[in-house]
Amino acid sequence: MSQSGKPTGLFKNLSAKIAAVPMVLTALVVFVGCSVWTIVYSFTNSRLLPSTKWVGLDQYERLWGTRRWLISIENLAIYGILMLILALVLGFLLAALIDQKIRFEDGFRTIFLYPYALSFIVTGLVWQWLLNPEFGIQHAVRSLGFETFTFDPLYNTNTVLYGVLIAGLWHTSGLVMCLMLAGLRGIDEDVWKATKIDGIPAWKTYLLVVIPMMRPVFITTLVLITSAIIKLYDLVIAQTGGGPGLASEVPAKFVFDMMFVSQNLAQGFAASSMMLVAVIVVIIPWAYLEFGGKKHG
Amino acid sequence: MTKFKTFALGMLTAAAAQPVLATDLEVTHWWTSGAEAAAIRVISEGFQKSGNTWVDGAIAGAGGVARPLITSRITGGDPMGATQFTHGQAMRELIEAGFMRDVTEVAEAQGWKDQIFPQSLLDSCTFEGKLYCVPSNIHSQQWLWLNNAVFTDNGLSVPQNWDEFVAAAPKLREMDIIPLAQGQQSWQKQLMFNVLMVSIGGPELFERVYAGRDADYAAGSDVAKVFKAAAEARDLMEGSNVQAWNEAANLMISGRAAGQIMGDWVQGEFTQAGMTAGEDFSCLPGLGVNEYITAAGDAFYFPKVDDPEIIAAQDVLAGVIVSPETQVEFTKAKGALPVRRDVELRDPTPCMEKGMAILKEGHIVESINTMVSPDTVGRVTDLMIEFFADPSFSPETAQAEFAEIIATAD
């Protein structure tokens with residue numbers, strides 16, 4: 001092709017566009033295509049194998065009439081909100097503390113980030129053992145002489161979610177800390193000098209100056225944590241199996257159990273379509289604010 | 001580790017012996033506990049004698065983990081040579097969709113019809129007149145296991161039925177003993193409830209509810225008794241904070257719990273712990289009330305493949321599984337009952353003899369898995385997980401919800 005003429009819009013950056021084709025195709029076929037397929041088949045009565053017998057909204061009616069699904073959503077909401085807040089707060093605090101030019105910073109950073117290198121299954125198993133009253137923390141404290149010490153969050157319907165949350169936080173806060181630390185290091189030293197000269201206390205500087213400046217880091221972190229929350233599955237499987245009772249059931253586990261254990265594909269599709277809707281509801285306003293906002297600002 | 005060993009063994013023999021006729025046959029199963037692994041080795045050794053090679057595809061975890069893996073491999077176009085599976089409707093759709101191979105010819109050539117007992121085992125393998133699976137052993141679920149020493153040491157006589165057991169519970173609680181051990185896994189809750197359905201409610205009730213799908217009856221006073229018993233069981237199980245069934249069995253072995261409701265496969269755990277049936281532990285089929293058992297069990301299925309060598313190897317395996325030699329050793333190792341009537345159990349325990357006698361009398365009920373779809377089983381299971389976990393969940397509410405499930409069951 002002759003490059004002498006002025007390239008039209010379509011052929012601008014041609015090589016970059018060609019390079020992007022495989023990813024675009026993957027996104028279209030795998031993500032969009034499969035999502036559409038899933039949604040379409042959620043209106044059928046597919047069991048073990050996909051069928052095309054249409055049943056309208058029956059699957060959704062049944063889904064929203066199933067207590068286990070409602071409990072799953074509620075659990076995810078509680079876990080999600082707490083996780084989001086606590087992971088950000090803990091991560092930022094850790095980062096701020098490490099940022100005080102302490103000794104052995106590299107060592108601490110490695111220790112805090114290390115849990116993130118473990119899979120959720122391993123994290124879950126470790127915390128299942130730690131929280132098991134027979135040989136975990138409760139047992140250890142009791143053998144120190146505190147005979148009445150009780151700490152068995154995973155075996156109590158009311159506290160099991162917090163038991164899962166502890167493991168989740170342990171796993172995630174290290175990563176949040178690292179991101180935050182990178183953000184903090186990106187803040188110009190002059191900002192600190194300026195606030196020092198003005199006599200503004202450090203906590204106020206963090207809250208009113210540094211954090212607003214770290215907005216992009218916060219948004220990245222938010223997206224990472226949120227996506228980890230929505231796909232919460234393996235941690236629950238390893239720690240509680242959804243129990244006691246249905247007290248730690250989550251939507252992703254509902255989808256899996258419906259599709260593969262109950263062999264009711266359509267019901268699982270309906271549930272996963274609802275999860276997709278939830279993600280879209282979260283993502284669209286964010287994308288609008290983020291990308292729409294940039295043009296104006 | 002046993003899984004690894006068998007696998008390594010399989011690989012070793014595969015490398016060492018490569019006769020001309022040897023075909024590798026991958027067999028998937030979820031028999032990984034001590035007794036189970038010993039049992040599957042009996043079949044694999046029998047199969048290797050034919051000169052073929054057994055490639056062990058053990059899947060860690062219970063059926064709930066393994067079944068999805070197995071079905072998705074078959075539907076995903078990567079079928080194994082043969083696979084263990086439980087009888088029932090779970091496999092039905094795969095057969096209907098033409099993924100499975102029928103072994104009718106082998107069955108006819110070897111005259112299984114006259115040998116396999118009870119006949120219902122073959123019936124549940126049969127679809128449109130063709131036989132799609134090979135029953136390997138019979139397992140029954142309706143057993144109450146008791147640690148004798150726990151009762152006698154505390155001045156109690158060993159209960160002979162469910163009511164006596166319930167009556168002994170307060171005394172056990174005083175001694176800080178959990179009356180009934182139970183794991184938290186969901187299938188155990190479902191098993192518990194349906195054992196109560198058969199044993200407390202009786203076989204007619206069980207079949208009328210699940211096979212007849214009589215929702216009014218399920219809401220009625222007969223089934224209410226079962227829910228009352230379930231609520232009692234819930235109290236008896238309090239404090240049994242373990243996950244897996246063999247951990248629950250361990251509670252009973254160590255004397256921290258007095259009894260356990262579990263299928264006959266748990267017997268292997270007791271004998272492996274050095275307990276003797278009849279002396280150290282007792283077994284009450286049908287909870288000592290209605291001595292009926294489900295004669296469902298495990299079976300092997302063969303996915304459809306094109307390779308004639310694999311087909312030949314599948315036929316060999318089918319023959320090995322039901323052969324009398326395998327049956328004797330296999331059932332002995334697994335603590336199960338054989339699928340043939342002409343097989344004599346080798347030093348059977350008193351519990352196995354009881355089971356065999358019940359089978360011969362024909363006191364058999366169908367399994368829930370053959371009467372309703374996995375979806376319905378799943379819904380009953382979800383209800384039971386909630387019911388057994390929450391002491392404030394009243395049996396009346398649970399029964400009303402149960403009747404609703406039965407009304408829309410399929």
Side-chain angles (χ1 to χ4, degrees), chain A residues 45-51 58-59 61-63 65-72 121 124-125 128-129 131-136 138 150 152-158 160 237-249 253-268, chain B residues 61-72 74-75 88-99 183-189 234 238-244 247 251 256 373-393 401 404-405 408 410:
Chain A
N45 73 340
S46 307
R47 282 304 176 87
L48 174 63
L49 302 168
S51 93
D58 283 9
Q59 299 292 354
E61 262 169 45
R62 182 180 146 184
L63 180 69
T66 307
R67 197 165 47 233
R68 180 171 159 194
W69 171 250
L70 300 176
I71 294 174
S72 301
I121 285 286
L125 277 177
Q128 191 218 318
W129 291 329
L131 299 178
N132 186 308
E134 305 289 330
F135 39 79
Q138 175 179 316
T150 312
D152 55 348
L154 295 184
Y155 292 89
N156 184 330
T157 320
N158 298 320
V160 61
I237 291 287
Q239 268 194 292
T240 66
L246 300 174
S248 59
E249 288 288 343
K253 182 165 179 289
F254 182 91
V255 171
F256 181 88
D257 285 353
M258 273 301 154
M259 286 167 73
F260 299 109
V261 181
S262 292
Q263 299 183 350
N264 192 336
L265 278 185
Q267 184 66 195
Chain B
V65 181
R67 271 191 291 262
L69 282 175
I70 292 169
T71 45
S72 53
I74 295 172
T75 53
Q89 293 203 346
M91 209 28 139
R92 214 185 148 90
E93 265 196 79
L94 286 178
I95 295 173
E96 273 176 35
F99 282 110
Q184 302 293 326
Q185 288 166 332
S186 51
W187 64 268
Q188 297 182 49
K189 305 290 172 76
R234 183 171 66 190
E238 212 189 307
S240 159
N241 286 340
V242 288
Q243 286 291 333
E247 291 170 352
L251 283 181
R256 285 180 18 240
S373 70
D375 184 47
T376 305
V377 177
R379 288 165 70 195
V380 174
T381 309
D382 282 349
L383 176 63
M384 284 310 135
I385 311 176
E386 239 187 314
F387 176 73
F388 280 119
D390 179 5
S392 65
F393 200 141
E401 288 185 18
E404 236 169 78
I405 295 173
T408 53
D410 55 5

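Values reported hereafter were calculated over all heavy atoms of this structure, with side chains retained and with hydrogens, waters and symmetry mates removed. Naming convention: chains lettered A, B, ... in sequence-line order (proteins, then strands); numbering from 1 in each chain.
Panel note: side chain A:Gln263, backbone B:Pro374; no donor-acceptor pair is recorded below 3.5 Å. Formation of a donor-acceptor pair under 3.5 Å by the B:Arg234 side chain with backbone atoms of B:Asp390 is found in this model.
Only the side chain of B:Glu401 has a heavy atom closer than 4.5 Å to any heavy atom of chain A. Neither the backbone nor the side chain of A:Leu154 comes within contact range of chain B, judged by heavy atoms closer than 4.5 Å. For B:Ser373, the part lying under 4.5 angstrom from a heavy atom of chain A is the side chain only. If you measure heavy-atom distances from A:Thr66 to chain B, you find no contacts under 4.5 Å at all. Contact annotation for B:Phe393: only side-chain heavy atoms (C-beta onward) come within less than 4.5 Å of a heavy atom of chain A. When heavy atoms are compared at a cutoff of 4.5 Å, A:Met258 approaches chain B solely by way of its side chain, counted from C-beta outward. With a 4.5 angstrom heavy-atom cutoff, B:Asn241 touches chain A via backbone and side-chain atoms both.
Each of B:Arg379, B:Glu96, B:Met384 has some count of heavy-atom pairs under 4.5 Å with chain A, and the biggest count is that of B:Arg379. Interface summary for chain B: among A:Asn264, A:Val261, A:Asp257, the most heavy-atom pairs under 4.5 angstrom belong to A:Asn264. When the candidates B:Thr376, B:Ile385, B:Leu94 are compared by the number of heavy-atom contacts under 4.5 Å with chain A, B:Ile385 comes out ahead.
No hydrogens or angles considered: a donor-acceptor pair under 3.5 Å links the side chains of A:Gln59 and A:Gln267.
For the pair B:Glu93 and A:Arg47, the salt-bridge criterion is not met [side-chain N within less than 4.0 Å of a carboxylate O].
A cation-pi arrangement, defined by a distance under 6.0 Å to the six-membered ring centre and an angle within 45 degrees of its axis, is absent between A:Arg68 and A:Phe254.
Between A:Phe256 and A:Ile237, every side-chain heavy-atom pair lies at or beyond the 4.5 Å cut-off.
Here the CG atom belonging to A:Leu48 is positioned 6.5 Å from the CG atom belonging to A:Leu265, to the nearest 0.5 angstrom.
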